[in-house]
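Working notes, beginning with the structure itself.
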Amino acid sequence: MTRYAINPPELKDARDIGYNHAIIDEKTFYMAGQVAMNSDSEIIGDDIETQARKTYENVEILLDTVGKTFDDVAKVTTHIVDPVERYYNGYKSVYWERFTEPYPCHTVLGHDQLAHEDYLVEIEVEVPITDADIEALTPNGDSIRIV
């Protein structure tokens, strides 16, 4: 089966630092953890609500690139610095903006720090991919590449 690398231009070019934002392989969508970073490598927001909103925007860009939406998400993994304080006080309201019944599975992990000291949240999602989804992909050599 063909393997695809997903790197939309609206996100920082992750290949510059050694990874792809997402890979589709064997009908599985693998996504790198997304953070509140814009395409110019600037961190957006210094509070959990602003960062969660930007992070979910980045997730949405990846989903849209492969023809999916938040309704297609089966599982969410969220990494939060100080979740006792920030999960219900900021993050959860943004989560409710993105998901409705039937809700995806959701795992929340607490951390002292993420990859950068200013990141407060990192999010990954898992999405089922069908043969029809793969056939609908249009590799363009940039945002969707055959690898």
Answer yes if Ile23 and Ile134 sit in the same cluster of Ile, Leu, Val, Met, Phe, Trp and Tyr residues linked by side chain heavy atoms under 4.5 Å apart, and no otherwise.
no
Ile146 and Ile6: same hydrophobic cluster, using ILVMFWY side-chain contacts below 4.5 Å?
yes
Apply side chain to side chain contact (heavy atoms under 4.5 Å, CB included) to Val81 and Leu114, showing your working.
CA-CA 7 Å; Val81 174; Leu114 297 170; 3.9 Å; yes
Just by distance, with hydrogens left out, do Asn20 and Arg145 show a side-chain donor and acceptor under 3.5 Å apart?
yes
Asp40 side-chain N/O to Glu42 backbone N/O, donor-acceptor pair under 3.5 Å:
no
Paired with Lys68, the side-chain contact (heavy atoms from CB on, under 4.5 Å) test is passed by just one of Thr65, Asp64, Val66, namely Val66
Polar side chain donor-acceptor pair, Thr55 to Asn58, under 3.5 angstrom:
no
Can you give me the closest heavy-atom contact between Gly110 and Pro83, atom names plus distance?
CA-CG, 3.5 Å
Over 60° means perpendicular and under 30° means parallel, so classify the ring planes of His116 and Tyr119, tilted if in between.
tilted
Please determine whether the number of non-hydrogen atoms from other residues, nucleotides or ligands lying under 6.0 Å from atom CG of Asp16 exceeds 12.
yes
What is the ring orientation for Phe70 with Tyr56, classed by angle as parallel under 30°, tilted 30 to 60°, or perpendicular over 60°?
perpendicular
Taking atom types as modelled and ignoring hydrogens, do the side chains of His111 and Glu122 form a donor-acceptor contact shorter than 3.5 angstrom?
no
In terms of relative ring orientation, are Trp96 and Tyr103 parallel, tilted or perpendicular, with 30° and 60° separating the classes?
perpendicular
Could you tell me whether the side chain of Gln51 and the main chain of Leu120 form a donor-acceptor pair under 3.5 Å?
yes
What are the two closest non-hydrogen atoms of Val121 and Thr78, and how far apart are they?
CG2-CG2, 3.7 Å
Quick check against the 3.5 Å criterion: does Thr50 have a side-chain atom that pairs as donor or acceptor with the backbone of Asp47?
no
Between Glu97 and Arg53, is there a side-chain N and carboxylate O pair less than 4.0 Å apart?
yes
Is there a path from Val84 to Ile48 through hydrophobic residues (I, L, V, M, F, W, Y) whose side chains come within less than 4.5 Å of each other?
no
Inspect the contact between Glu60 and Arg98 and indicate whether a charged nitrogen and a carboxylate oxygen are less than 4.0 angstrom apart.
yes
Side chains of Ser41 and Lys12: any donor to acceptor distance under 3.5 Å?
yes
Between Thr130 and Asp133, is any side-chain donor less than 3.5 angstrom from a side-chain acceptor?
yes
